[in-house]
Amino acid sequence: MCSSDLALGIERRLGDRPWQATLLNQKGLILSAMGDYAPALTALDEALAIRREQGNPDLLVPAFNNIGLVHHSRGDLREARTAYLQALEIVRQTGDRSRETNILGNLGSVADSLGEPLAALGFLEEQLALARARNDAELQATALNNIGLARHKLGELQAALESYSAALALFRQTGERTREATALTNLGTLALELGEPEAALEPFGQALAIQRETGAWAGEALTLAKLGGAQSALGRSADALASFDQALAIQRATGDRTGQTSTLLHLGAHLTSQGRAKEALEPLRQALDLARETGDLTAEAQARHGLGVALAAVGDAAAALSSLQDSLRLRREVSDPAGEVETLAEIARAEIAAGRLEEARARLEAALDLSESLRLRITADRLRSSYFASQHEIYEMYVDVLMALHDRQPEAGFAALAYEAAERARARGLLDLLREGRVEIRRGADPKLLEEERRQRGELRARAEKLTLLLQTKHTAEQAAEARRQVEEALSSYELAESKLHSALPGYAGLARPAAVHLPEVQGLLDAGTVLLEYALGPRRSYVWAVTPSSVSVHPLPGREEIEAAAGEVRERLRTPGAGGSRQGLARLARMLLGPVAFQPVGDGTQ
């Protein structure tokens, strides 16, 4: 800075104010690049004061924008936004479309960092419109990719897919290879989130080829880790392990501890899922150490959860339960409700293994209650296939626990509770299928109500994400309390918007919040002489309830795999002309499903 300070001193003696402003601006940017933010802002503020003296609005724009950039780099996001907005106001008065386009991008970025994806989306869509008006393909591509990221965060997955695809086409047109790889990785990540790991392989493979060609090591490591996740989901264990190992090698070489933590967590989960829990312990412990070193409480919670699952698999029940309870505490501390559901379910699994059925029941009921809250309030349209499956597993465990309690206390009413739980799972399953199939269950709603619900949902998700990010770093109790207050405020606003939508669309309310089914109500709908059979398939045991107007009995059946195999065999024989054996297969299936209730008495004593 010596030569810059010398030149500035000369200009001060000469009294050349415009040159002083130019040099102060350069000094501020250099200091900012060195991380010396406070003196950088002092220099830029002095430059701004001189530009005001000159009275030329065009000169004020870069001054405000540069002040915004320094605040943005420093993490003073609200101050950055204020400076950017001042610059935006001027360029709109002067009609400088080029600078307006860049400032809108900066505002979109800072809004995203503030956890305001809807505001970010507004700025980015304005930027895109201006880029199209100027026929600037490079800027269009950047805006489209960022719009995709914003829509992805909002859970608008189809819209995100369209934006990423459009950005990819333009990056290819302009020859921006590094950004092309970024768009490809985004597309692969989206495919994974949609439960389509096979579709993720091609974009990940293309991104890797470009990243290796251009030497984009950080991007390559990220893509490799995500590719490993796709390969793991497809059961390609050797390929997944190779991808994780390559990602870790790069992350260790570049000192990327956050990346290492994430990859180690995925590696540990993969090994555990492959029945190699003992091998999973080492990477999970490494991930835990890194998470504690970096103060990342979310990653620490994930590591402790993974360790608990792996320890349970190797038979260390006490250590597993301790690790899972630590994870649950951290999940709650960082306000991670989806993770809390996951950990509660694993704790319940450990309690079941230890024969503590009442404790397991309490954990599962807490998980299911929280899951319903999560389904409606936060994840909404962004529910993944893996999320559907995990919730179904919890219901299956819950029914199993209630039936095990029924075996211990046949007269305590647990069979009826298990029936109601199975019905509740069936109702939720219907809603999940509708969402997975992109069925529009809100057709005909007032567009204003839909937009308000969408806006409040996005605000709630953004504030919850902001709280999670805050709790991952050093913070004061006052900051955490304020962030939690903002989440509660957003939740109240969302619930109000949702209730208005429900009032306008009773049919939607019935699907989104299915009423609980109680056995006496069902029995009241049955005629004398009628038996209602209700089936619930489970991995180890399935059940059939025989319900009459005055009684209910429950009978165990084989597990899902055996029943589905028998049904599949019959189906194939019926489809194949001349195959034969269909009668015998049908008889076997009937004995399996109807045998236990073939002589169930009904209200009038008939069979």
Side-chain angles (χ1 to χ4, degrees), residues 35 73 113 145 149 152 177-193 197 200-201 203-234 236-274 276-277 279-307 309-310 327 330 334 336 339 468-469 472-474:
S73 298
S113 298
N145 189 66
L149 290 169
H152 201 154
R177 301 283 283 159
T178 301
R179 292 186 174 184
E180 178 186 345
T182 299
L184 285 163
T185 300
N186 289 340
L187 281 167
T189 303
L190 186 59
L192 267 181
E193 187 154 330
L201 296 180
F204 284 151
Q206 292 178 18
L208 279 173
I210 295 170
Q211 288 158 342
R212 286 165 176 164
E213 176 188 324
T214 59
W217 306 118
E220 181 183 350
L222 174 65
T223 304
L224 280 165
K226 290 179 179 292
L227 175 61
Q231 291 163 332
S232 176
L234 290 167
R236 293 165 49 177
S237 182
D239 291 339
L241 290 174
S243 295
F244 290 139
D245 286 345
Q246 290 175 60
L248 282 170
I250 296 171
Q251 289 160 343
R252 284 166 176 155
T254 58
D256 180 1
R257 294 193 295 172
T258 300
Q260 285 180 63
T261 306
S262 176
T263 304
L264 286 164
L265 286 170
H266 283 101
L267 173 58
H270 170 73
L271 289 169
T272 303
S273 71
Q274 295 296 307
R276 300 164 63 179
E279 295 173 61
L281 294 175
E282 181 56 29
L284 288 168
R285 284 170 176 147
Q286 290 177 22
L288 176 60
D289 290 343
L290 284 167
R292 295 175 71 179
E293 287 173 16
T294 58
D296 187 337
L297 296 182
T298 298
E300 182 180 346
Q302 292 169 344
R304 291 188 182 280
H305 175 94
L307 275 169
V309 175
S327 175
L330 288 168
V334 300
D336 178 9
T468 299
L469 291 172
Q472 290 174 11
T473 58
K474 290 183 179 179

Asks: Let me see the working for S262 and Q251 under side-chain contact (heavy atoms from CB on, under 4.5 Å), right down to the final yes or no.
Replies: CA-CA 10 Å; S262 176; Q251 289 160 343; over 6 Å; no
Asks: Short question: side chain of T189, backbone of T185 - any donor-acceptor pair under 3.5 Å?
Replies: yes
Asks: What is the minimum heavy-atom distance between T263 and A247, and which atoms define it?
Replies: CG2-CB, 4.1 Å
Asks: Is there a donor-acceptor pair closer than 3.5 Å between any side-chain N or O of S327 and the backbone N or O of A301?
Replies: yes
Asks: Rounded to the nearest 0.5 Å, what separates atom CD in Q206 from atom CD1 in I210?
Replies: 7.0 Å
Asks: Rounded to the nearest 0.5 Å, what's the gap from CD on Q286 to CG on L281? Could you check?
Replies: 11.5 Å
Asks: Let's go through L234 and Q231 carefully: what are the C-alpha distance in whole Å and the side-chain angles of both, what is the deciding distance for side-chain contact (heavy atoms from CB on, under 4.5 Å) to 0.1 Å, and is it a yes or a no?
Replies: CA-CA 5 Å; L234 290 167; Q231 291 163 332; 5.7 Å; no
Asks: Looking at every non-hydrogen atom in both residues, tell me the closest pair between A230 and P197 and how far apart they are.
Replies: O-CB, 3.7 Å
Asks: Indicate yes or no for a side-chain donor-acceptor contact from S273 to the backbone of H270 under 3.5 Å, with no hydrogens or angles considered.
Replies: yes
Asks: Please report the C-alpha distance between L271 and L241 in whole Å, then the side-chain angles of each, then the deciding distance to 0.1 Å, and finally whether the side-chain contact (heavy atoms from CB on, under 4.5 Å) criterion is met.
Replies: CA-CA 9 Å; L271 289 169; L241 290 174; 3.8 Å; yes
Asks: Can you name the closest pair of heavy atoms from L227 and S243 and give their distance?
Replies: CD2-OG, 3.7 Å
Asks: For L264 versus P283, what's the shortest heavy-atom pair and its separation?
Replies: CB-O, 3.6 Å
Asks: For T178, is there any backbone N or O sitting under 3.5 Å from a side-chain donor or acceptor partner on T182?
Replies: yes
Asks: Tell me, yes or no, whether the heavy-atom count around H305 atom NE2, taken from other residues, nucleotides or ligands under 6.0 Å, exceeds 12.
Replies: yes
Asks: How far does CG of L288 sit from CD of E293, to the nearest 0.5 angstrom?
Replies: 10.0 Å
Asks: Within the structure provided, determine whether L284 and V309 are in side-chain contact (heavy-atom separation under 4.5 Å).
Replies: no
Asks: Would you compute the distance between atom CD of E220 and atom CD of E213 and round it to the nearest 0.5 angstrom?
Replies: 12.0 Å
Asks: Can you list the residues that meet the salt bridge (Lys or Arg N to Asp or Glu O under 4.0 Å) rule with R292, with sequence neighbours excluded?
Replies: none
Asks: If you compare all heavy atoms of L192 against all heavy atoms of F204, which two are closest, and at what distance to 0.1 Å?
Replies: CD1-CE1, 4.0 Å
Asks: What's the spacing between L330 CG and R304 CZ if we round to 0.5 Å?
Replies: 6.5 Å
Asks: Sorted by first residue and then second, give each salt bridge (Lys or Arg N to Asp or Glu O under 4.0 Å) pair with at least one member in residues 236-255; sequence neighbours left out.
Replies: R236-D239
Asks: Can R285 and E282 be said to form a salt bridge (charged side-chain N to carboxylate O under 4.0 Å, His left out), step by step?
Replies: CA-CA 5 Å; R285 284 170 176 147; E282 181 56 29; 5.4 Å; no
Asks: Is N186 close to N145 at the side-chain level, that is, under 4.5 Å between some pair of heavy atoms?
Replies: yes
Asks: How many angstroms lie between atom CG of D289 and atom CD of Q260, to the nearest 0.5 angstrom?
Replies: 11.5 Å
Asks: List the atom of A277, the atom of A310, and the distance in Å for their closest heavy-atom pair.
Replies: CB-O, 3.6 Å
